[in-house]
Amino acid sequence: MNNPGFWRLQQIAVASIFRIINDSIECMLAQNPSSLPDLRTASTILVTSDYSGEHSGAEYQVLSFLLADIERCQQWDKVRMELRARFLSDKRRMSFKGLNDKQRQRALIPFLEAANSIPGLAFTVAIDSSIESLFAGPAPLNLDNPDFAVFRLWKRKPLEKALRIVHFISFLLAGLLRSGQNVLWFTDEDAIAANPERLGQLTDLLAWISSSYLTFNLGHLRCGTTKSDDGSRRIEDLAAVPDLIAGAIGEQLHLVRNRGPDMSSGVFWIHRGDFSAKTSFITLWLADTAKPLKRVFCIVDSVPDLTKFTVSWFHFHNQI
């Protein structure tokens with residue numbers, strides 16, 4: 001089923017976080033059909049992803065994804081290369097953690113403005129760290145299945161993280177794409193893709209999980225890491241978009257959790273006096289939805305019995 005908001009409503013039989021999000025997207029599109037991009041005209045969709053909240057004491061794990069129609073990124077590519085020549089000629093990478101560097105600071109606002117022209121979706125989800133698993137059962141994957149035997153060697157936390165990521169990607173592909181499109185996914189280099197063997201296992205996992213969401217056949221589905229960049233920094237710069245978003249949202253959630261007020265009122269701050277400068281710039285940019293790059297953000301919180309979840313979709317509010 002399609003609708004004017006370019007989202008294929010999914011029939012998710014099992015009660016899960018993805019059914020809640022699917023229903024929330026339906027409500028969002030009923031109010032604003034232009035909230036999501038039309039990616040069905042693309043022949044190839046490039047997905048990049050980055051994550052924050054891995055450190056001890058983090059209140060939320062933040063997973064951020066960029067889905068882009070790579071063939072219609074010419075304007076972004078042109079401006080991106082001009083920005084690199086002006087600010088980042090030594091090929092340094094844009095990243096949230098690296099924004100203490102003055103050259104990256106100078107490049108930040110022009111970089112974000114250039115990213116506005118990317119035809120695609122920036123989708124970010126923050127998951128309460130008290131939630132051990134988003135999936136039913138004692139383990140996030142049925143390790144008794146011989147097909148999943150290699151994952152018996154994975155530690156529980158990296159496996160849970162990998163499953164969360166591939167489920168969200170699969171969910172987004174099923175909702176936004178059509179039959180025959182090619183997908184290239186590039187993830188940040190971390191524990192889920194630490195070496196070629198682990199990357200191969202992650203690719204197999206995405207193929208298995210996506211088959212449970214997709215009601216149509218894709219073209220080819222390929223995975224890599226930002227290390228696959230050909231030297232142009234194109235993949236790295238696309239991956240920098242979810243990196244910056246995840247970092248800024250992670251900082252906001254840390255401040256709100258520790259200094260208040262809590263977000264139960266459905267408020268997401270565009271600006272607070274205790275934001276770092278980089279988080280202020282990124283959050284203000286994130287709130288501008290009238291651009292080719294659409295933005296969606298939600299938070300998954302636990303409820304007291306720790307077996308159910310709530311999902312919050314946030315409006316933007318300026319603190320005076």
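Just so it is clear, the model here is predicted, and its values are computed rather than measured.
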Set out, in order, the CA-CA distance, both residues' side-chain angles and the distance that settles side chain to side chain donor-acceptor pair (under 3.5 Å) for Y213 and H167, then state yes or no. CA-CA 9 Å; Y213 285 89; H167 270 275; 2.8 Å; yes
Are the side chains of T310 and V300 in touch, meaning some heavy atoms are under 4.5 Å apart? no
Just checking, is any N or O donor in the side chain of Q61 or R164 under 3.5 Å from an acceptor N or O on the other one? yes
Does L66 reach the side chain of L46, with side-chain heavy atoms less than 4.5 Å apart? no
What distance separates R222 CZ from T44 OG1, expressed to the nearest 0.5 Å? 9.0 Å
Does any non-hydrogen side-chain atom of L67 lie less than 4.5 Å from one of L172? yes
Looking only at atom types and distance, does a side-chain atom of R106 sit under 3.5 Å from a main-chain N or O of F87, one as donor and one as acceptor? no
Side chains of M94 and L88, heavy atoms from C-beta outward: is any pair under 4.5 Å? yes
Evaluate E160 against S133 for side chain to side chain donor-acceptor pair (under 3.5 Å), listing each step before the verdict. CA-CA 7 Å; E160 171 72 23; S133 181; 2.9 Å; yes
Aromatic ring centroids of F123 and F297 under 6.0 Å? no
May I ask you to test the W185-L221 pair for a side-chain heavy-atom distance under 4.5 Å? no
M81 CE: over 12 foreign heavy atoms closer than 6.0 Å: no
How long is the gap from CZ on F186 to OG1 on T225, to the nearest 0.5 Å? 8.5 Å
Side chain to side chain, V125 and F168, heavy atoms closer than 4.5 Å: yes
Check the surroundings of atom CZ in R178: do more than 12 heavy atoms from other residues, nucleotides or ligands lie under 6.0 Å from it? yes
Has T283 got a side-chain atom pairing as donor or acceptor with S280's backbone, closer than 3.5 angstrom? no
Main-chain N/O of C223 paired to T203 side chain as donor or acceptor, under 3.5 Å: no
Can a donor-acceptor pair be found between the side chains of S52 and Y60 at a distance below 3.5 Å? no
Salt bridge (charged side-chain N to carboxylate O under 4.0 Å, His left out) between R84 and D237: does it pass, once the steps are laid out? CA-CA 10 Å; R84 282 208 157 271; D237 287 342; 2.8 Å; yes
Answer yes or no: is there a donor N or O on one side and an acceptor on the other, between the side chain of R80 and the main chain of F111, under 3.5 Å? no
Just by distance, no angles: are the side chains of E236 and T226 close enough, under 3.5 Å, to form a donor-acceptor pair? no
Close side-chain approach of L177 and L218, heavy atoms under 4.5 Å: yes
Keeping the roles fixed (side chain from D50, backbone from D188), state whether a donor-acceptor pair exists under 3.5 Å. no
Please tell me whether W285 and E113 have a donor and an acceptor in their side chains that are separated by less than 3.5 angstrom. no
Counting neighbours of CD on E82 that are heavy atoms of other residues, nucleotides or ligands and sit closer than 6.0 Å, is the number greater than 12? yes
If you count heavy atoms of other groups shown closer than 6.0 angstrom to NZ of K291, is the number above 12? yes
Decide yes or no for V296 and T124: does some side-chain heavy atom of the first lie under 4.5 Å from some side-chain heavy atom of the second? no
Between S276 and E251, a side-chain donor and acceptor under 3.5 Å: yes
When you check the gap from the basic side-chain N to the acidic O, do D229 and R234 get nearer than 4.0 Å? no
Could you check whether S43 and E71, counting side-chain N and O atoms only, form a donor-acceptor pair closer than 3.5 Å? yes
If we ignore hydrogens and angles and just use 3.5 Å, is the side chain of S64 paired with the main-chain N or O of Y51 as donor and acceptor? no
Backbone of A174 reached by a side-chain donor or acceptor of R8 within 3.5 Å: yes
So, for W7 and F171, is the gap between ring centers shorter than 6.0 Å? yes
